[in-house]
Amino acid sequence: QVQLVESGGGLVQPGGSLRLSCAASGRFVSINVMGWHRQAPGKQRELVAAISSGGSINYADSVKGRFTISRDNAKNTVYLQMNSLKPEDTAVYYCRVIVSGGYAYWGQGTQVTVSS
């Protein structure tokens with residue numbers, strides 16, 4: 001059993017910033033991949049950013065230059081720094097973790113709303 005605790009969501013004005021965090025706990029030896037996905041109303045879930053244990057990073061084109069993903073291996077935590085937020089960033093953001101053995105887990109999601 002692996003638990004993912006997300007925090008940092010909320011309401012912010014366009015151009016503002018938020019930092020999301022996701023801490024993993026439970027039974028695992030190591031984490032191979034940590035990432036963030038989002039789902040806006042009426043849309044499919046999409047990858048926002050992901051980072052591997054080796055440091056490889058992927059970003060969605062829509063967030064490149066504005067969002068930064070990072071991880072703290074000692075804390076089993078992944079972060080998403082979100083700057084220059086736009087209304088189209090409004091969505092539920094989900095943490096996803098792949099642990100050693102290839103097992104994937106999803107967080108409960110945290111709401112991000114960008115509105116003036």
Side-chain angles (χ1 to χ4, degrees):
Q1 176 75 10
V2 175
Q3 297 81 41
L4 303 178
V5 180
E6 303 173 10
S7 63
L11 174 65
V12 65
Q13 283 68 48
S17 298
L18 287 172
R19 177 177 287 181
L20 307 183
S21 65
C22 173
S25 62
R27 297 181 180 179
F28 56 86
V29 176
S30 61
I31 298 174
N32 294 337
V33 180
M34 306 187 82
W36 293 93
H37 299 242
R38 68 186 181 186
Q39 187 165 21
K43 296 184 178 180
Q44 292 185 300
R45 202 127 115 187
E46 64 175 347
L47 173 71
V48 177
I51 183 168
S52 73
S53 59
S56 297
I57 296 174
N58 290 325
Y59 291 107
D61 288 341
S62 60
V63 308
K64 287 181 179 177
R66 299 188 298 121
F67 292 9
T68 303
I69 189 170
S70 61
R71 63 189 291 175
D72 185 334
N73 291 332
K75 297 181 178 180
N76 294 318
T77 299
V78 63
Y79 305 93
L80 186 67
Q81 179 66 46
M82 309 164 65
N83 298 328
S84 302
L85 282 162
K86 304 175 180 180
E88 50 262 46
D89 295 318
T90 296
V92 177
Y93 285 70
Y94 297 90
C95 179
R96 183 173 184 254
V97 170
I98 302 174
V99 301
S100 56
Y103 300 99
Y105 298 88
W106 290 92
Q108 76 283 357
T110 183
Q111 177 70 47
V112 172
T113 301
V114 184
S115 176
S116 59

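We number each residue from 1, following the sequence as shown.
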(message) According to a hydrophobic-cluster definition based on side-chain heavy atoms being under 4.5 Å apart (Ile, Leu, Val, Met, Phe, Trp, Tyr only), do V33 and L20 belong together?
(response) no
(message) Grouping I, L, V, M, F, W and Y whenever their side-chain heavy atoms are under 4.5 Å apart, do F28 and I98 come out in a common cluster?
(response) no
(request) Please assess K64 against D61 for the test salt bridge (Lys or Arg N to Asp or Glu O under 4.0 Å), listing each intermediate value before the final yes or no. (result) CA-CA 5 Å; K64 287 181 179 177; D61 288 341; 3.1 Å; yes
(message) Using a 3.5 Å distance criterion without hydrogens, assess whether the side chain of E6 forms a donor-acceptor pair with backbone atoms of G109.
(response) yes
(message) Under 4.5 Å between side-chain heavy atoms, counting indirect links through other Ile/Leu/Val/Met/Phe/Trp/Tyr residues: same cluster for Y94 and M34 or not?
(response) no
(request) Kindly give the heavy-atom pair with the smallest separation between N83 and S17, and that separation in Å. (result) OD1-OG, 2.9 Å
(request) May I have the step-by-step check of side-chain contact (heavy atoms from CB on, under 4.5 Å) for L11 and S115, ending in yes or no? (result) CA-CA 7 Å; L11 174 65; S115 176; 4.3 Å; yes
(message) Is there a path of hydrophobic side-chain contacts, each under 4.5 Å between heavy atoms of I/L/V/M/F/W/Y residues, joining Y79 to L4?
(response) no
(request) Could you tell me which non-hydrogen atom of S21 sits nearest to which non-hydrogen atom of T77, and how far apart they are? (result) CB-CG2, 4.4 Å
(request) Decide whether V48 and V92 are clustered together by the hydrophobic rule: side chain heavy atoms of Ile, Leu, Val, Met, Phe, Trp, Tyr closer than 4.5 Å, transitively. (result) no
(message) If we ignore hydrogens and angles and just use 3.5 Å, is the side chain of R71 paired with the main-chain N or O of S52 as donor and acceptor?
(response) yes
(message) When you compare the side chain of Y59 with that of T68, does any pair of heavy atoms fall below 4.5 Å?
(response) yes
(message) Tell me the closest heavy-atom pair linking A60 and L47, and the distance in Å.
(response) CB-O, 3.3 Å
(message) Does any part of the side chain of H37, heavy atoms only, come nearer than 4.5 Å to the side chain of W106, both counted from C-beta?
(response) yes
(request) Report yes if the side chains of T90 and Q111 come closer than 4.5 Å at any heavy-atom pair, otherwise no. (result) yes
(message) Just verifying a value: how many Å separate L80 CG and I69 CD1, rounded to the nearest 0.5 Å?
(response) 6.0 Å
(request) State, yes or no, whether a side-chain contact exists between S25 and N76 at a heavy-atom distance under 4.5 Å. (result) no
(request) Would you indicate whether the side-chain heavy atoms of R38 and V63 approach each other to under 4.5 Å? (result) yes
(request) Give the minimum heavy-atom separation between G8 and L18, together with the two atoms involved. (result) O-CD2, 3.7 Å
(message) I want to check something: taking the side chain as every heavy atom from C-beta on, are L85 and F67 in contact at a cut-off of under 4.5 Å?
(response) yes
(message) Could you walk me through whether R66 and D89 satisfy the side-chain contact (heavy atoms from CB on, under 4.5 Å) test, starting with their C-alpha distance in whole Å, then the side-chain angles of each, then the deciding distance to 0.1 Å, before giving a yes or no?
(response) CA-CA 11 Å; R66 299 188 298 121; D89 295 318; 2.7 Å; yes
(request) Please confirm whether the backbone N or O of V99 pairs with a side-chain atom of Y105, one donor and one acceptor, at under 3.5 Å? (result) no
(request) Start with the C-alpha gap between S53 and N32, add the side-chain angles, then the distance that decides, and say whether side-chain hydrogen bond (donor to acceptor under 3.5 Å, both in side chains) holds. (result) CA-CA 5 Å; S53 59; N32 294 337; 4.7 Å; no
(request) Could you tell me whether the side chain of C95 reaches within less than 4.5 Å of the side chain of V78, counting heavy atoms only? (result) yes
